[in-house]
Amino acid sequence: MWGYEITMHQVTLVTGATGAIGKAIAQGLAQSGVCQVVLACRNEEKARRAVWDISQATGNNQVRYELVDLSRHLSIQALAERWRGPLDILVNNAAVTPRGRQETPEGIEVQFATNVLGYFWMTQAFTEHLRQSSPARVVNVASYWAGDLDLTDLEFKRRRYRNGTAYRQSKQANRMLTVALAERLRSFDVSVNACHPGDVNSRLSNNLGFRGHDTPEEGATTPVWLATSPVGQKVTGQYFEHMREVRCRFGEDKTAVERLYEVCLSF
Ligand SMILES: NC(=O)c1ccc[n+]([C@@H]2O[C@H](COP(=O)([O-])OP(=O)(O)OC[C@H]3O[C@@H](n4cnc5c(N)ncnc54)[C@H](OP(=O)(O)O)[C@@H]3O)[C@@H](O)[C@H]2O)c1
């Protein structure tokens, strides 16, 4: 139905797969029947339901879940440590947009922890698994709605917290870190690319005050394409919209990219 080409048995890990776009991405990957799909979720009841729904819809019986809190470094490290076997495709997709400023138990502002560090820590923690499975790829679900990143106030300690501003900053950071990580993983034949999915009605978008006009399946099209098409392996460090490479000004400021990378390493 999706019409994408997956030529071999591949193991994929999708974060936020109980949400609107993440579930559609996981389903799109499971659709081929040759993809083992692992949903990285924090809520076991939702995770069980998503596995059931995706298996029923696709006939793929190789769909399962792992529990992880993506806003917490130790939880991600524990997932990577108990992971057995290959990992061919990591899709970083989970994100939140709380209306008021919140902190994790470690004292990190929640959007920065989940949307930015969650992607960064997952990629770092699974680098060895990806290297061993190479050629492998990382797909970072970002957004065209991005900007206002302040390297001196990433956690809104000085600026007044607005969830739209914190969200746009986090999506800019996804795109910048895609460039930083792609450079570091290039020699291992692990590609790292970012994309805008689509505007989809979800808890995340509702918190930001909009209802999307795309279906979750439409929102999943570009991430699934990046995860499965030859382009997503050949190209690295790039940003895509509507299955097309688009110039990303955020990745062009190499000094800022490296500074952000260093800040993330410090958490
Ligand atoms: N929706 C849009 O219009 C739109 C537009 C551009 C880009 N995007 C991007 O698309 C991605 C998915 O967005 P969406 O609209 O599908 O959001 P969503 O429906 O609200 O789903 C968010 C997912 O992230 C999970 N999650 C959040 N915090 C987590 C944590 N600490 N640990 C584990 N899982 C966590 C949620 O789990 P629970 O179910 O347990 O809460 C849920 O599965 C995001 O990266 C977003 O920036 C969305």
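Below, each value reflects all heavy atoms present in this structure, side chains not excepted, and no hydrogens, waters or symmetry copies. Source: prediction; values computed, not measured. Order of listing sets the numbers, starting from 1, for every ligand and every atom in it.
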**OP:** For residues Thr97 and Arg203, report the shortest heavy-atom separation together with the two atoms involved.
**Re:** OG1-O, 4.4 Å

**OP:** Mind checking whether Val68 contacts ligand 1 via backbone (N, CA, C, O), side chain (CB onward), both or neither, at a 4.0 Å heavy-atom cut-off?
**Re:** backbone

Original post:
Side chain, backbone, both or neither: which part of Ala142 comes within less than 4.0 Å of ligand 1 when only heavy atoms are counted?
Top reply: backbone

**OP:** Provide the number and element of each atom of ligand 1 under 4.0 Å from a heavy atom of Val141.
**Re:** 9 (C), 10 (O), 11 (C), 45 (O)

Original post:
Listed by chain and number, what are the salt bridge (Lys or Arg N to Asp or Glu O under 4.0 Å) partners of Lys234, not counting sequence neighbours?
Top reply: none

Subject >> Closest protein heavy atom to atom 1 (N) of ligand 1, given as residue, atom name and distance to 0.1 Å >> reply: Val200 O, 3.1 Å

Subject >> Minimum side-chain heavy-atom gap Tyr167-Trp145 below 4.5 Å >> reply: yes

Original post:
Any ion pair linking Glu109 and Lys157 (charged N to carboxylate O, less than 4.0 Å)?
Top reply: no

**OP:** Could you check Val63, Leu29, Ile21, Val38 and say which one makes a side chain to side chain contact (heavy atoms under 4.5 Å, CB included) with Val14?
**Re:** Leu29

**OP:** Using a strict 4.0 Å threshold on nitrogen-to-oxygen distance, state whether Arg131 and Asp189 make a salt bridge.
**Re:** no

**OP:** May I ask you to check whether Val96 has an N/O atom sitting below 3.5 Å from an N/O atom of ligand 1?
**Re:** no

Original post:
Does a salt bridge link Glu241 with Arg244, judged by any charged N lying under 4.0 Å from a carboxylate O?
Top reply: no

Original post:
Between Arg49 and Tyr65, is NZ or CZ placed under 6.0 angstrom from the six-membered ring centre and within 45° of the ring axis?
Top reply: no

Original post:
Just heavy atoms, cut-off under 4.0 Å: does Trp145 contact ligand 1 by side chain, backbone, both, or neither?
Top reply: neither

Original post:
So which protein heavy atom does atom 19 (O) of ligand 1 come closest to, and at what separation?
Top reply: Ala20 N, 2.9 Å

**OP:** From the options Cys41, Gly198, Ala24, select the one whose nearest heavy atom is closest to atom 5 (C) of ligand 1.
**Re:** Gly198

Original post:
Residues in salt bridge (Lys or Arg N to Asp or Glu O under 4.0 Å) with Arg101, at least two apart?
Top reply: Glu103

**OP:** Identify whether the distance between the nearest side-chain nitrogen and carboxylate oxygen of Glu66 and Arg64 falls below 4.0 Å.
**Re:** yes

Original post:
Which heavy atom of the protein is the closest neighbour of atom 47 (O) of ligand 1, given with residue, atom name and distance?
Top reply: Tyr167 OH, 2.6 Å

Subject >> For atom 45 (O) of ligand 1, the protein heavy atom that lies nearest, with its residue and separation >> reply: Asn93 O, 2.7 Å

Subject >> Region of Asp69 that comes within reach of ligand 1 [heavy atoms, distance under 4.0 Å] >> reply: both

Original post:
If hydrogens are left out, which of His213, Arg72, Arg211, Arg42 has an atom nearest to atom 35 (C) of ligand 1, that is, the closest non-hydrogen atom?
Top reply: Arg42

Original post:
What protein heavy atom sits nearest atom 32 (N) of ligand 1, and how far away is it?
Top reply: Leu70 N, 2.9 Å

**OP:** Please could you name the atoms of ligand 1 that Ser71 approaches to less than 4.0 Å, counting only its heavy atoms?
**Re:** 31 (N)

**OP:** Give the atoms of ligand 1, by number and element, whose distance to some non-hydrogen atom of Lys46 is under 4.0 Å.
**Re:** 38 (P), 39 (O), 40 (O), 41 (O)

Original post:
Nearest to atom 43 (O) of ligand 1, what protein heavy atom do you find, and at what distance?
Top reply: Thr18 OG1, 2.7 Å

Subject >> Region of Tyr144 engaging ligand 1 - heavy atom pairs below 4.0 Å >> reply: neither

Original post:
So, Thr215 side chain and Glu218 main chain: donor-acceptor pair closer than 3.5 Å or not?
Top reply: yes

Original post:
Among the heavy atoms of Ala40, does any lie under 4.0 Å from an atom of ligand 1?
Top reply: no

Original post:
Which of the numbered atoms in ligand 1 are below 4.0 angstrom from a heavy atom of Phe210?
Top reply: 3 (O)

Original post:
Nearest protein heavy atom to atom 16 (O) of ligand 1, by residue and atom, and its distance?
Top reply: Ile21 N, 2.9 Å

**OP:** Report yes or no: is the cationic atom of Arg175 (NZ for Lys, CZ for Arg) under 6.0 Å from the centre of the six-membered ring of Phe250, at an angle within 45° of the ring normal?
**Re:** no

Original post:
Backbone or side chain, does any N or O of Thr114 fall under 3.5 Å from an N or O of ligand 1?
Top reply: no

Original post:
Is Asp153 reaching over with its side chain to a backbone N or O of Arg158, donor-acceptor style, under 3.5 angstrom?
Top reply: yes

**OP:** Taking atom CZ of Arg162 as the centre, report whether more than 12 heavy atoms of other residues, nucleotides or ligands fall under 6.0 Å from it.
**Re:** no

**OP:** Of the side chain and backbone of Lys171, name the one, both, or neither that has a heavy atom under 4.0 Å from an atom of ligand 1.
**Re:** side chain

Original post:
Judging by distance only, is a nitrogen or oxygen of His196 under 3.5 angstrom from one on ligand 1?
Top reply: no

Original post:
Where do Ser191 and Gly232 come nearest, in terms of heavy atoms and distance?
Top reply: OG-O, 2.7 Å

Subject >> Validation row: Leu181, Tyr261 side chains within 4.5 angstrom (heavy atoms) >> reply: yes

Original post:
With a cut-off of 4.0 Å, which atoms of ligand 1 are near a heavy atom of Tyr119?
Top reply: 45 (O)

**OP:** Select the closest option to atom 22 (C) of ligand 1 among Pro197, Ala94, Ala95, judged by heavy-atom distance.
**Re:** Ala95

Original post:
With a 4.0 Å cut-off on heavy atoms, does Asn174 reach ligand 1?
Top reply: no

**OP:** Below 4.0 angstrom from a heavy atom of Gly19, which ligand 1 atoms are there? Numbered from 1 as shown, please.
**Re:** 19 (O), 21 (O), 42 (C), 43 (O)

Original post:
Which heavy atom of the protein is the closest neighbour of atom 17 (O) of ligand 1, given with residue, atom name and distance?
Top reply: Leu204 CB, 3.4 Å

